[in-house]
Amino acid sequence: MGNRKKKKRAYDASLSGIVIWAALDMFVFLLIGWVVLGLIMYFNHRLDAEGWKLMQFCLALVVLFSYWMPICSLFKVWHQERILGIYWKDRTDHNRPEWDRDWYLSYDRGGFHLYHRNYVRRIVAFRTDEEVGSYGRGKVYLALFEDIKGRKRTLKFSSADGQAKFQKWYEKQPIEENRKKELPHVP
């Protein structure tokens, strides 16, 4: 009876695990496309030496496009750790509620957000913008904050809920799932 399994959460993962999970959806989606391309080439008898080189190049692109955003997020985390001298692997707040932890972790927009409470000096504003471009369309929710060095930083969220959770985490308030609170809008 004493051998109970504890439920694994994203917060329990290592940095490498976070990077892998952040890109897994995109990787699987692109990998399926790669397999379909390979099958088309196989059935059209185009899988000669040149065909294999093309398939290897496409596989390299799949990995690159899948892990680009999580790797960029990882560099941001390493930068924070170096500045603060506080490391993700040394955290001891696993059993605390999400809003009371020292690190904020969320998967969003193909990457992840991982920030330590001491890195965020203050939240400057919350804003909603319309994103128009070849890579994305629709609303994007922004949290503007000042880091420990006084530089202005921007966090992009794909939903208002992600923005609200970041605000609740920073203010150390319990996250209420059933009630949505309107965030102040600053142009």
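Count residues from 1 along the sequence.
Salt bridge Arg153/Asp147: present, at least one basic N to carboxylate O contact under 4.0 Å.
Each salt bridge (Lys or Arg N to Asp or Glu O under 4.0 Å) pair with one or both residues in residues 58-79, not counting sequence neighbours, would appear here, but there are none. Within the structure, no pair that satisfies the salt bridge (Lys or Arg N to Asp or Glu O under 4.0 Å) test touches residues 61-70, not counting sequence neighbours.
Annotation: side chain to side chain contact (heavy atoms under 4.5 Å, CB included) contacts of Asn118 (sequence neighbours excluded): Leu84, Ile86, His116. Gln56 meets the side chain to side chain contact (heavy atoms under 4.5 Å, CB included) test with no other residue; sequence neighbours excluded. Residues passing the side chain to side chain contact (heavy atoms under 4.5 Å, CB included) test with Ala22, sequence neighbours excluded: Pro70, Tyr107, Phe112.
Proximity of a side-chain donor or acceptor of Arg121 to a complementary backbone N or O of Arg151 within less than 3.5 Å is not detected.
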As a quick check of understanding, evaluate salt bridge (charged side-chain N to carboxylate O under 4.0 Å, His left out) for Lys156 and Asp129, giving each step before the final call. CA-CA 10 Å; Lys156 289 184 179 182; Asp129 282 346; over 6 Å; no
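Between Arg101 and Arg91, every side-chain heavy-atom pair lies at or beyond the 4.5 Å cut-off. The closest side-chain heavy-atom distance from Leu155 to Tyr141 is not below 4.5 Å. The closest side-chain heavy-atom distance from Leu144 to Lys152 is not below 4.5 Å.
Taken to the nearest 0.5 Å, the CG atom of Leu74 stands 9.0 Å off from the CD1 atom of Ile18.
In the hydrophobic clustering of ILVMFWY residues, with side-chain heavy atoms under 4.5 Å counting as a link, Val77 and Trp21 come out together.
Ring-plane geometry between Tyr11 and Trp88 is classed as perpendicular, the angle between the planes exceeding 60 degrees on a 0 to 90 degree scale with a lower cut at 30. Between Phe157 and Tyr104, the ring planes are perpendicular. Angles over 60° get that label, and only those under 30° would be called parallel. Using bins of under 30°, 30° to 60° and over 60° for the plane-to-plane angle, the ring pair Phe75/Trp78 lands in the perpendicular bin.
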Listing, residues 25-43 side-chain donor-acceptor contacts under 3.5 Å, not counting sequence neighbours, or none:
| from | atom 1 | to | atom 2 | distance (Å) |
| --- | --- | --- | --- | --- |
| Trp34 | NE1 | Met55 | O | 2.8 |

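Aromatic ring centres of Tyr170 and Phe145: separated by at least 6.0 Å.
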